[in-house]
Amino acid sequence: MANFNTLDDLHDIKGKLVFIRADLNVPAKDGKVTDTTRIDRFVPTLNTLADKEAKVIVASHFGRPDGEKKPEFSLAFIVPELEKASGKKITFVDDCIGEKVDTAVANMKNGDVILLENLRFYPGEEKNDPAFAKALAKNVDIYVDDAFSTAHRAHASTAGMANDVPVKAAGRLMQAELEALDKALGNPVHPVAALVGGSKVSTKLDLLANLVKKVDYLLIGGGMAHTFLAAKGIPMGEGSLVEPGMIETAKNILANAGNCTIVLPTDLVWANEFGEGQEPHVAAVTDLPAGKPLLDIGPESTAKFIETLNGCKTLIWNGPVGAFEIKPFDTATNEIAHAVAELTKEGKLTSVAGGGDTVSALKKAGVKKDLTYVSAAGGAFLEWMEGKELPGVKVLEK
């Protein structure tokens, strides 16, 4: 695990200027926050530093303004929700570098909090421009990154500016994320299982190649299982999600799995059409009807997946095993989710899950809070699973 400072390592910070890179890229509609999860998860970091009487600067991106100052992407609307969640007075500055920021910082008292305008209003943010990074770091004593979700991007606020600040630390959310990921793949308790779903092998090729080297069991569901079944010589038909161009790749992964046992579905659920209210039918993978959409793994496969997990100590999960958005093709994902939740609550399994669809599926199943850790980081979570170095994590290393 990376050797990094946490907030507990920051002493005597009263009066120090602390820059926090947060992720306040929240879901919103008509100028209102529709989901406060990212705000709520950030508050412990904000309050820890403000309560220690540091002078706190909060910075984030929001949306994709493409390096231009567009009012519809202003972070001003975040202020009421951030104040409500933190119990702190938040001063908004409608810029993130320059004279307005300098004036606001000069007027700060110990324990004050200011929120800067959208970092991506400047092209220098995403380009990791050294001049923009230095402007962000001006007079900053301590850099805190609490935005693991952006850690895979070498932007000015996630990588560049950290080099111009003497002290660096991970915020509470970043710390929790890194510690959970270390338990899952960095230094896990074996046997370790990875459950990977989703529709395409092509989007998770690096992920699969990395996992077979690190886990004891690789369970593959969703549409990507169709390509692996085809690679084993099983006719999948027109209703499948087989990627013909990935069959050879799947064959190579199967052939070079080493000590990793790859578990594939033995039965699948099909319907006459893709959509809500369709009657589910179960067929063995060797007896699939022609031209029918395949929407879930079957009960035999579900039981096999759960049986495998019962024998494991650690699970990392990315991707649902079926079309979980549509009933009744959420059955297998829900059953596996409930089994994982029970094993976790009984202390038999350390379970770490991540990725947008995975989070949605766990929430839909009502077990999101029962797993050891659920990451909402998306791209950063995937790149970490792929074994890639994350710039936003690298800069925090001592």
Item to complete: Check the pair His61, Arg21 against side-chain hydrogen bond (donor to acceptor under 3.5 Å, both in side chains), reporting the backbone distance first and the verdict last.
Response: CA-CA 9 Å; His61 72 283; Arg21 179 37 161 114; 3.2 Å; yes

Worksheet item: Could you walk me through whether Ser149 and Asp23 pass the side-chain hydrogen bond (donor to acceptor under 3.5 Å, both in side chains) check?
Response: CA-CA 7 Å; Ser149 53; Asp23 181 5; 2.4 Å; yes

Worksheet entry | Criterion side-chain hydrogen bond (donor to acceptor under 3.5 Å, both in side chains) on Glu335 and Thr302, from CA distance to verdict | CA-CA 8 Å; Glu335 289 184 10; Thr302 304; 4.8 Å; no

Fill in: Test log, rule side chain to side chain contact (heavy atoms under 4.5 Å, CB included), inputs Phe329 and Ile326
CA-CA 6 Å; Phe329 308 108; Ile326 305 172; 4.0 Å; yes

Worksheet entry | Candidate pair Thr266 and Glu300, rule side-chain hydrogen bond (donor to acceptor under 3.5 Å, both in side chains), full reasoning | CA-CA 7 Å; Thr266 53; Glu300 183 178 277; 2.6 Å; yes

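Between Lys327 and Asp330 there is a salt bridge, with a side-chain nitrogen of the basic residue lying less than 4.0 Å from a carboxylate oxygen of the acidic one. Ion pairing of Asp216 with Lys313 is absent here, as no side-chain N (NZ or NE/NH1/NH2) approaches a carboxylate O to less than 4.0 Å. Salt bridge status for Asp102 with Lys138: present, with a side-chain N to carboxylate O gap under 4.0 Å. Between Lys52 and Asp12, none of the side-chain N atoms (NZ, or NE/NH1/NH2) sits under 4.0 Å from a carboxylate O, so this pair counts as no salt bridge. Between Lys100 and Asp94 there is a salt bridge, with a side-chain nitrogen of the basic residue lying less than 4.0 Å from a carboxylate oxygen of the acidic one. Ion pair Asp40/Lys84 not flagged as a salt bridge, since none of the NZ, NE, NH1 or NH2 atoms sits closer than 4.0 Å to an Asp/Glu carboxylate oxygen. Between Lys70 and Glu72 no salt bridge is recorded (no basic side-chain N to carboxylate O distance below 4.0 Å).
Within a 6.0 Å sphere centred on NZ of Lys369, other residues, nucleotides and ligands contribute 12 heavy atoms or fewer.
The nearest pair of heavy atoms linking Ser60 to Leu75 is O-CD1, 3.5 Å. Contact between Pro293 and Asn272 at its shortest, heavy atoms only, is CD-O, 3.8 Å. Minimum interatomic distance between Leu268 and Pro265 (heavy atoms only, all atoms of both residues): CD2-CB, 3.9 Å. Among all heavy-atom pairs drawn from Ala176 and Tyr373, the shortest one is CB-CE1, 4.0 Å. Contact record, Ala59 with Phe19: CB-CZ, 3.4 Å, taken as the closest heavy-atom pair. Across all their heavy atoms, Ala50 and Val56 have their closest contact at N-CG2, 3.9 Å.
Residues Met224 and Lys204 form a side-chain contact, since some pair of their non-hydrogen atoms from C-beta on lies under 4.5 Å apart. Using a 4.5 Å heavy-atom threshold, the side chains of Ile262 and Tyr217 count as separate. Between Asp357 and Phe324 there is a side-chain heavy-atom pair separated by less than 4.5 Å. Residues Ile20 and Leu49 have side chains in contact (heavy-atom distance under 4.5 Å, counting atoms from C-beta outward). The shortest side-chain heavy-atom distance between Phe77 and Phe92 does not fall under the 4.5 Å cut-off. Residues Leu371 and Val352 form no side-chain contact, since every pair of their non-hydrogen atoms from C-beta on lies 4.5 Å or further apart.
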